[in-house]
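Input: a single structure, listed below in structure tokens.
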Amino acid sequence: MSTEPPPIEVRHVSKAFRVDGRFVQALRDVSLMARAQEFVSLIGPSGCGKSTLLNIISGLMEPDEGVILLHGKPGEQRLGRIGYMPQRDLLLPWRRLLDNILLGPEVMGRDLEQARQEARELLPLFGLQGFEDAYPATLSGGMRQRAALMRTFLCKQEIILLDEPFGALDALTRRTMRSWLLEVWARFRQTLLFVTHDVDEAIFLSDRIYVLSPRPGHVVRELTIELPRPREERVVSSSTFAAYREEILAALGL
Amino acid sequence: MRDKRARPSQRWRPLGNWRYAPPFVLLLSLLILWQGATAIWQIESYILPSPWEILQAGIQARGLLAQHTWQTAQETFWGFLLALGAGFSLGLAIDFSPFLRDALYPVLVISQTIPIIAIAPLLVIWFGYGIWPKIIVVGLVCFFPIAVNTADGLRAADPEMISLLRTMGASYKDIFLKVRLPGALPMIFTGVKVAITYSVVGAILGEWVGGSKGLGIFMLRSTNSFRTDWVFASIAVTAVLSVLLFGSVKLLERLTLRWYYTAAREERWEEIQKK
Ligand SMILES: Nc1ncnc2c1ncn2[C@@H]1O[C@H](COP(=O)(O)OP(=O)(O)O)[C@@H](O)[C@H]1O
Ligand SMILES: [Mg+2]
């Protein structure tokens, strides 16, 4: 492995919230990292601080303790440097689909004509062709999620954070979406930090997985997934896959 | 990966099709009842003229009515523009800083408890008998709902949407123009619709205190000369003017907020109402 510092590293991060005068410890001493072009998943029970961690990494929040390093240097100004897809799709209802997708390039002051052209070419990959002019309210959940994902990828950041992007979808749609996400990722090859609470999804997608404990969130296990790529659906029924599943479930205490 | 709900809105209907039939029928039945009542009890026309007499009187006085209506329409227009400017600016100011919010909001609420009818004569003393006092009265009557709805609408922005833009490195101005203002528009339009409903009545109020032209003046003069039919004719014109103004705002709203009035949303409401 190279000695270059990883694009993103979280070091000894802790975070507590004050809720009704009480302290709620959301994260306790979390350390993890993602290498260039790596697909890393964070898996943990609901409420263990996964979203909080992504909020901190993106720069929306600062940790109480610990640091976020970008390429080995303290990332003091992280806003605008990391692509973030929050749990809700957050499409702006007053913008047509294509204008929603182009929000990133627009805000960042990039060449909009060029971005629009590229977006149009990519619409089929995201299954959104023909809906450029539709308002979000008229789209299905799956489409909205793909649009949000496309918006995130088109921000063209080297690091992308995805917070349970398929969390709100039904099990069948999730299955098609995960193979499709790998296709998309193969094309953009950004460093991905993927949050989920679905064990199979994490194994299927990732190069590496961090398992978090219940609140306060803490890394209890790190696994490298050595399934060959490109991955196909039937890998799910292999014995290696089952072994990984056992390991993660054990780490989750299930 | 497609499903059939995900179809761009085609059934876009700016004003609905038959939605305006019920009020029309109701209004017509009331007029017929009124006509019948005046005939049965042979009510004197200077006490209560029949709708038919009112219509005839209106047509007879159409030249006069048109002049006065034009005057009132002008007062309404400029006064409403003033209210729009002042209301929106005040809404922005309230939104701009917590200090201004704390300072301005209560004062605005108190300002609404002052009876306009008490201020209007003062306005005449300060600004004379010209069009200005009327414009100001319309402004005073109309600015409040616009100011409040602008301030509250801007506040109602989804914090997560704002966060999303911040992760893209957006500036305060970007967030305001791309998230908060567009999101506030439905509420601002609601304020504007309330305001425009009061606007014509505001102008007439302004005329009553001092003036020589306008529907309000025409009403006063007709009352004094027992031309009750003309009083009702000018009331009818006032109502028509108000409805027309309201209708234009509504139409503008539908055109501006096409994202808000998507076919999917309308259908959902129809379903809810069926239950
Ligand atoms: N802004 C906040 N203020 C107060 N408490 C918060 C805030 N954000 C998260 N929390 C709390 O922190 C804990 C972790 O939340 P979250 O990061 O959303 O978990 P997850 O995404 O893993 O489900 C929860 O108990 C939640 O209530
Ligand atoms: Mg979460």
Side-chain angles (χ1 to χ4, degrees), chain A residues 51 54-55 57-61 77-97 99-100 103-109 124 126-144 146 148 151-152 154-155 157 161 173 176-177 180, chain B residues 1-13 153-154 156-189 252-272:
Chain A
S51 298
L54 293 197
N55 283 337
I57 294 173
S58 70
L60 286 172
M61 272 179 200
Q77 230 326 331
R78 300 190 296 283
L79 288 172
R81 292 176 66 185
I82 296 171
Y84 186 11
M85 178 179 169
Q87 225 163 328
R88 285 168 55 208
D89 61 65
L90 297 175
L91 297 174
L92 306 182
W94 42 87
R95 284 183 170 232
R96 292 171 192 276
L97 189 76
D99 294 325
N100 258 299
L103 190 61
E106 185 182 323
V107 165
M108 294 169 192
F126 286 84
L128 296 168
Q129 69 280 33
F131 292 92
E132 297 90 317
D133 294 329
Y135 285 112
T138 65
L139 301 176
S140 68
M143 296 185 87
R144 294 172 61 106
R146 290 199 298 275
R151 177 185 62 197
T152 314
L154 285 188
C155 287
Q157 305 289 7
L161 316 174
T173 315
T176 41
M177 292 280 273
W180 166 81
Chain B
M1 285 232 232
R2 294 185 179 186
D3 63 87
K4 56 181 188 302
R5 189 155 69 85
R7 149 179 52 95
S9 51
Q10 291 156 345
R11 246 171 26 96
W12 181 67
R13 296 165 303 182
L154 288 171
D158 184 340
E160 289 191 62
M161 279 184 189
I162 295 174
S163 292
L164 174 75
L165 262 86
R166 286 179 59 216
T167 65
M168 296 174 175
S171 62
Y172 180 88
K173 185 180 138 219
D174 276 332
I175 289 171
F176 185 84
L177 291 178
K178 294 184 205 300
V179 176
R180 304 187 59 216
L181 188 59
L185 273 184
M187 267 189 89
I188 295 177
F189 264 109
L252 187 70
E253 181 194 29
R254 286 270 164 161
L255 292 172
T256 315
L257 302 182
R258 288 186 63 169
W259 62 270
Y260 193 69
Y261 293 100
T262 54
R265 183 194 165 88
E266 305 282 288
E267 277 161 25
R268 221 166 298 146
W269 271 112
E270 278 164 26
E271 271 165 37
I272 290 168

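Here is the naming used below: chain letters follow the sequence lines, and residue numbers restart at 1 for every chain.
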Discussion item. Between Trp94(A) and Lys178(B) (side chain of the first, backbone of the second, donor and acceptor by atom type, cut-off under 3.5 Å), is there such a pair?
Written reply: yes

Worksheet, complete the sentence: Per-residue tally against chain A (heavy atom, under 4.5 Å) across Thr167(B), Asp174(B), Asp158(B) peaks at Thr167(B)

Worksheet item: Under a 4.5 Å heavy-atom cutoff, which of Ser163(B), Ser171(B), Ala170(B) has the most pairs with chain A?
Response: Ser163(B)

Practice prompt. Please state whether the side chain, the backbone, both or neither of Arg151(A) comes within less than 4.5 Å of a heavy atom of chain B.
Written response: side chain

Worksheet entry | Segment of Leu90(A) engaging chain B (4.5 angstrom heavy-atom cut-off) | both

Approximate separation, where rounding is to 0.5 Å, of [X] [atom1] and [Y] [atom2]:
X         : Y         : atom1 : atom2 : answer
Met161(B) : Leu91(A)  : CE    : CG    : 8.0 Å
Glu106(A) : Leu165(B) : CD    : CG    : 9.0 Å
Ile162(B) : Leu60(A)  : CD1   : CG    : 11.5 Å

Worksheet, complete the sentence: Looking only at Pro93(A), Pro136(A), Pro86(A), the option with the highest number of non-hydrogen pairs under 4.5 Å against chain B is Pro93(A)

Worksheet entry | Validation row: Trp259(B), Arg95(A) side chains within 4.5 angstrom (heavy atoms) | no

Fill in: Identified side-chain contact (heavy atoms from CB on, under 4.5 Å) counterpart of Met168(B) within the set Thr152(A), Leu79(A), Leu103(A)
Leu103(A)

